[in-house]
Amino acid sequence: MNFANIYKNSIEQPQAFWDGEAKLIDWQQPYSKVLDYSKPPFTQWFIGGKTNLCHNAVDRWVATQGDKAALIAISTETGTEKIYSFKKLQAEVSRMAAIMQTLGVGKGDRVLIYMPMIAEAAFAMLACARIGAIHSVVFGGFAAHSLATRIEDAQPKLIVSADAGSRGGKPIPYKPLLDEAITLSAHKPGKVLLVNRNLAPMNLVEGRDVDYAALRAQHLDSQVPVTWLESNEPSYILYTSGTTGKPKGVQRDVGGYAVALASSMRHIFCGNPGETYFATSDIGWVVGHSYIVYGPLIAGMATIMYEGLPTMPDAGIWWSIVEKYRVTRMFSAPTAVRVLKKQPQEFMQKYDLSSLKTLYLAGEPLDETTSAWISDALGVPIIDNYWQTETGWPILSVAKGLEDMPTKLGSPGVPIPGFNVKLFNETTGEECGANEKGVVMIEGPLPPGCMQTVYGDDARYVSTYWSVLNGKHVYSTFDWGIRDAEGYYFILGRTDDVINVAGHRLGTREIEESISSHANVSEVAVVGVEDKLKGQVAVAFVILKNPAAANTAQAQQALEKEIMGVVDRQLGAVARPARVYFIAQLPKTRSGKLLRRSIQAICEGRDPGDMSSIEDPTSLNQIEGALSS
Ligand code: AMP
């Protein structure tokens with residue numbers, strides 16, 4: 001069957017299609033029904049089936065390839081490299097699971113993981129999956145305030161963390177941020193489990209903080225059996241930014257997620273057991289969940305976890321890893337490639353890259369120059385893929401495992417089987433034809449693996465993402481898109497106030513709230529502005545309570561630094577605006593709504609658009625004036 005027919009079947013007969021795909025994983029108890037869409041937009045997959053993510057990722061492979069590499073943890077920060085076979089990984093995960101159980105964690109309890117890219121982070125995720133606890137991994141680059149909001153929302157019984165991460169050879173202490181976050185949060189975890197890497201001093205809080213190495217030594221021989229879970233029980237929560245300051249906890253299931261990952265590993269990423277997969281993301285993001293930890297392992301592949309910069313000790317580091325471990329499939333982001341593009345190409349030519357078959361790029365728009373450059377430098381095809389934290393796996397791509405379809409520069413490809421992608425006109429609600437710009441939407445039911453709900457808030461899930469158009473429930477991606485006559489999509493940017501910095505999604509509201517907490521800030525607008533390297537950067541326009549505090553260039557610089565520092569401390573350096581400008585008035589509509597898109601347009605040197613609703617047109621001059629000062 002060709003791709004078009006497979007896709008058609010997946011949309012017209014989802015039960016039959018996913019029943020077939022479900023055979024890619026192990027079930028302890030078969031499901032009684034493939035799909036329940038009786039309460040749209042809520043979707044349940046593989047009802048009554050019992051399975052386990054850790055079993056499918058680890059135990060399942062122990063019998064057939066127990067001594068083969070499963071997890072390869074490389075840190076150029078600490079100069080360490082450890083290979084865990086499936087057998088060894090099973091033992092470590094079992095130890096971690098036993099530790100969690102002795103700390104009182106059981107099925108349904110939340111465990112927050114705030115960790116650098118070390119093997120123990122993967123052990124912790126897999127251990128949660130093993131015992132039916134729900135993990136919530138928080139990106140290590142987030143600071144106390146971001147962490148506190150996530151602790152408060154998920155209410156973890158246990159937090160797993162470490163003394164420090166490391167970046168560019170410099171330790172980045174985690175423990176003080178964690179302590180501050182716990183102080184800020186109304187919810188307090190019962191226990192905090194700490195991996196001591198001896199990178200930074202750590203004060204242990206008595207009765208709460210426990211040392212991982214000491215507990216591991218007590219559980220060396222522990223064997224914790226897998227807890228079988230009904231397919232629709234929650235496996236994890238992963239927070240993502242939206243248009244309000246409060247991050248949304250994307251909740252995922254067990255069976256549907258395992259099937260979706262197994263299916264995508266086969267059809268899109270074309271991975272085979274025994275091969276090595278290298279995704280350069282971080283476990284704090286969705287790529288880290290789907291394609292560093294669970295996906296490759298479910299496919300029986302070895303997966304590489306890399307702590308370090310792409311340019312240290314030199315720009316050849318990734319390619320030396322590809323050579324050493326005979327990596328076949330690699331996954332990265334356009335920003336990382338743009339960083340490498342500034343380095344001499346000889347770093348790539350130094351290594352034997354003959355094992356590498358494909359480089360997958362995702363997370364942000366892939367420009368043609370970057371795509372062509374890296375394809376040429378590596379001599380392998382580049383496959384763009386478009387998806388979101390919410391979907392958990394690619395919505396658009398080309399599925400070379402199903403048919404050798406061509407890619408098109410600038411397009412992430414076509415809808416992947418299971419995703420009924422449609423474009424709708426924002427004002428009329430009508431479906432768009434070829435070459436007409438619209439909002440990218442997915443008609444329900446969403447395929448397996450996508451978010452089940454917003455953690456603890458079904459109403460927010462429905463009101464944020466879903467609408468009924470032409471009598472059908474449709475999910476909004478909040479992206480603009482266009483489809484050509486051959487069915488290839490092109491993504492044109494977000495329709496909401498979410499920005500994408502180096503592939504990381506940030507809510508401008510969150511940054512604005514943080515900046516507003518500075519004592520001298522009266523009002524602030526944050527917009528995403530095009531950037532050659534990072535895709536977009538955040539830029540802030542601030543009205544001061546006391547403008548005299550910024551009346552010299554020097555005072556402005558100092559205040560700009562101070563405000564950046566506030567964001568660093570509260571949200572983390574990822575959210576730090578690239579520039580902070582001080583102005584006297586912000587452009588708003590007569591009803592007081594901030595004209596962010598006009599501000600953004602001016603920053604990017606574009607026309608600000610229809611200004612008929614603006615309260616005071618001179619406010620735009622202020623933005624222009626600030627930019628040129
Ligand atoms: P996140 O949930 O952090 O993965 O961010 C998802 C958002 O990143 C999407 O809604 C898009 O705006 C953007 N995005 C992800 N992948 C791509 C891609 N391949 N091309 C263009 N934009 C992308």
Side-chain angles (χ1 to χ4, degrees), residues 137-139 141-142 146 236-243 247-252 264 268-269 279-292 331-338 359-368 370-371 374 382-398 407-416 419 421 423 437-442 446 449-451 454 464-465 475-483 488-508 510 528 530 534-536 538 574-575:
V137 182
V138 177
F139 175 56
F142 282 138
S146 302
Y236 72 74
I237 308 164
L238 178 58
Y239 287 88
T240 188
S241 300
T243 43
K248 291 183 290 262
V250 167
Q251 179 186 313
R252 240 183 270 295
S264 59
I268 302 173
F269 299 104
T280 67
S281 183
D282 187 285
I283 47 147
W285 309 115
V286 69
V287 179
H289 286 63
S290 294
Y291 298 113
I292 294 179
F331 190 129
S332 193
T335 296
V337 175
R338 288 193 286 264
L359 173 68
Y360 296 86
L361 294 175
E364 55 184 305
L366 173 62
D367 56 285
E368 297 183 13
T370 304
S371 175
I374 188 75
I382 306 302
I383 296 191
D384 188 0
N385 54 115
Y386 159 84
W387 47 297
Q388 315 181 295
T389 306
E390 287 86 344
T391 65
W393 62 289
I395 305 167
L396 302 172
S397 191
V398 290
T407 53
K408 277 193 190 184
L409 278 180
S411 163
V414 298
I416 289 298
F419 286 101
V421 183
L423 285 173
K437 180 179 165 180
V439 182
V440 181
M441 296 193 140
I442 307 167
L446 292 179
C450 294
M451 77 187 289
V454 170
T464 304
Y465 294 103
Y475 163 94
S476 178
T477 62
F478 296 102
D479 281 306
W480 294 112
I482 202 161
R483 183 183 57 237
Y488 282 71
Y489 281 73
F490 295 79
I491 300 297
L492 308 172
R494 298 280 303 189
T495 65
D496 60 6
D497 296 328
V498 164
I499 62 173
N500 193 317
V501 179
H504 303 323
R505 177 163 150 188
L506 301 166
T508 48
E510 235 177 312
E530 206 173 277
K534 298 180 174 179
Q536 277 188 313
V574 271

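Numbering of ligands and ligand atoms starts at 1, following listing order.
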For Ser411 against Tyr489, the heavy-atom pair lying closest together:
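That closest heavy-atom pairing would be OG-O, 2.6 Å.
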Does Trp285 have any ring pair (Phe, Tyr, Trp, His ring centres under 6.0 Å) partners at least two apart in sequence or in another chain, and if so, which?
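So Trp285 forms a ring pair (Phe, Tyr, Trp, His ring centres under 6.0 Å) with Phe139, Phe142, His504.
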Can you name the ring pair (Phe, Tyr, Trp, His ring centres under 6.0 Å) partners of Tyr360, sequence neighbours left out?
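Testing Tyr360 for ring pair (Phe, Tyr, Trp, His ring centres under 6.0 Å), a comparison that skips the adjacent residues, returns Phe269.
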Could I get the full list of side chain to side chain contact (heavy atoms under 4.5 Å, CB included) partners for Thr280, not counting sequence neighbours?
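Counting only residues at least two positions away or on another chain, Thr280 forms a side chain to side chain contact (heavy atoms under 4.5 Å, CB included) with Phe278, Trp318, Met330, Ser332.
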Side-chain donor or acceptor of Thr477 paired with backbone N/O of Val440 under 3.5 Å
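Yes; judged by distance alone, with no hydrogens or angles, the pair exists.
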Donor-acceptor pair, Glu364 side chain versus Ala333 backbone, under 3.5 Å?
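Here the side-chain-to-backbone pair does not exist.
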Near ligand 1, which protein residues have a heavy atom under 4.0 Å away?
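Gly363, Glu364, Pro365, Asp384, Asn385, Tyr386, Trp387, Gln388, Thr389, Asp479, Ile491, Arg494, Asn500, Arg505.
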